[in-house]
Amino acid sequence: MPKNSYPKTILQYLVSSALIMGSLFAGIAIQEYLHLSIPGSIIGMLLLFILMISGLAPVEWVKPVAQLFIRYMVLLFVPISVGLIQYGELLSQNAVQILAGTVGGTVIVLVVLAKMLEHILSNQQETERHNK
């Protein structure tokens with residue numbers, strides 16, 4: 001990489017970091033101000049998504065740091081794993097409830113998605129029949 005491209009690369013990482021962290025902090029502020037039960041990080045992610053789909057923040061602006069996060073995502077799960085180990089006894093005591101909620105939630109999502117897809121496809125087929 002030529003020396004003269006370093007400032008551009010650094011600027012790209014700064015802009016990308018600012019967008020991601022700005023969205024995070026905005027989400028946390030919204031969550032605290034409105035006293036929502038949705039985590040601020042999720043609200044921030046939705047804000048960033050809205051910025052990207054609206055074109056206010058092109059994907060290329062977010063991509064440098066996002067790729068960096070994805071590349072090292074495994075390291076981000078280490079604290080969670082340590083926490084799970086720390087609460088192993090509590091998890092084993094509630095394993096049935098946790099498993100039931102996980103399996104039940106997955107089944108509900110699959111059924112709802114299947115019904116939605118069935119509805120969309122049937123409407124699409126009806127539209128095609130009427131157009132013929």
Side-chain angles (χ1 to χ4, degrees):
M1 182 180 296
K3 272 189 174 182
N4 59 0
S5 68
Y6 286 131
K8 182 180 178 187
T9 304
I10 291 170
L11 183 62
Q12 288 173 335
Y13 276 97
L14 287 174
V15 168
S16 183
S17 296
L19 280 169
I20 292 171
M21 297 308 288
S23 298
L24 172 65
F25 293 138
I28 291 170
I30 290 169
Q31 187 262 339
E32 288 179 2
Y33 181 74
L34 298 176
H35 305 289
L36 300 172
S37 60
I38 301 169
S41 58
I42 301 298
I43 296 170
M45 199 177 346
L46 290 172
L47 288 173
L48 182 60
F49 178 70
I50 291 168
L51 287 173
M52 288 170 48
I53 63 170
S54 68
L56 293 173
V59 175
E60 293 78 28
W61 290 6
V62 179
K63 203 171 190 175
V65 171
Q67 285 179 328
L68 191 68
F69 283 155
I70 291 170
R71 186 177 307 136
Y72 297 107
M73 189 181 292
V74 173
L75 296 175
L76 300 175
F77 285 106
V78 171
I80 295 170
S81 303
V82 171
L84 287 174
I85 292 169
Q86 184 178 359
Y87 293 104
E89 183 179 328
L90 182 63
L91 289 172
S92 64
Q93 291 172 354
N94 297 305
V96 173
Q97 294 93 331
I98 293 169
L99 194 61
T102 304
V103 171
T106 302
V107 168
I108 290 170
V109 168
L110 286 174
V111 168
V112 168
L113 286 175
K115 290 295 182 184
M116 286 175 57
L117 181 63
E118 182 180 335
H119 178 72
I120 290 169
L121 291 177
S122 68
N123 283 346
Q124 191 176 31
Q125 288 174 351
E126 287 179 26
T127 305
E128 288 175 1
R129 279 189 218 135
H130 291 299
N131 289 338
K132 287 184 179 181

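We're numbering straight along the sequence, starting at 1.
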*Going only through I, L, V, M, F, W and Y residues with side-chain contacts under 4.5 Å, is there a path from Val96 to Leu84?*
no
*At what distance, to the nearest 0.5 angstrom, does CG of Leu14 lie from CG of Leu19?*
11.0 Å
*In terms of hydrophobic clustering (I, L, V, M, F, W, Y; side-chain heavy atoms under 4.5 Å; direct or indirect links), are Val59 and Phe69 co-clustered?*
yes
*First locate atom CZ of Phe49, then atom OG of Ser54, and finally report the distance between them rounded to the nearest 0.5 Å.*
10.0 Å
_4.5 Å side-chain heavy-atom contact, Leu47 and Ile30_ = yes
*In terms of heavy-atom contacts, does CD of Glu126 have more than 12 from other residues, nucleotides or ligands at under 6.0 Å?*
yes
*Single-linkage hydrophobic cluster, 4.5 Å side-chain cutoff, Met116 and Val109 together*: no
_For the CE atom of Met21 and the CD1 atom of Ile28, what is their distance to the nearest 0.5 Å?_
8.0 Å
*Please name the pair of heavy atoms, one in Leu36 and one in Gln31, separated by the smallest distance, quoted to 0.1 Å.*
O-NE2, 2.9 Å
*Between Ile80 and Leu91, is there a shared hydrophobic cluster once you connect ILVMFWY residues whose side-chain heavy atoms come closer than 4.5 Å?*
yes
*Identify whether Val62 and Leu11 are in the same connected component of the hydrophobic contact network (ILVMFWY, side-chain heavy atoms under 4.5 Å).*
yes
*Can you measure from NZ (Lys63) to CD (Gln12) and round to the nearest 0.5 angstrom?*
11.0 Å
*Inter-residue atom distance Gln97.CD - Thr102.OG1, 0.5 Å rounding*: 11.0 Å
*Measure across Gly27 and Ile43 and return the closest heavy-atom pair with its distance rounded to 0.1 Å.*
CA-CG2, 3.8 Å
_Using 0.5 Å steps for rounding, measure from the CD1 atom of Ile70 to the CD atom of Gln67._
7.0 Å
*asked:* How close do Ala66 and Ser16 get, counting heavy atoms only, and between which atoms?
replied: N-OG, 4.2 Å
*Residue pair Gln124 / Thr127, side-chain heavy-atom distance below 4.5 Å*: no
*Just one of Ile20, Leu51, Val15 clears the side chain to side chain contact (heavy atoms under 4.5 Å, CB included) bar with Trp61, so which one?*
Val15
*Quick one: does Ser17's side chain have a donor or acceptor within less than 3.5 Å of a partner on Tyr13's backbone?*
yes
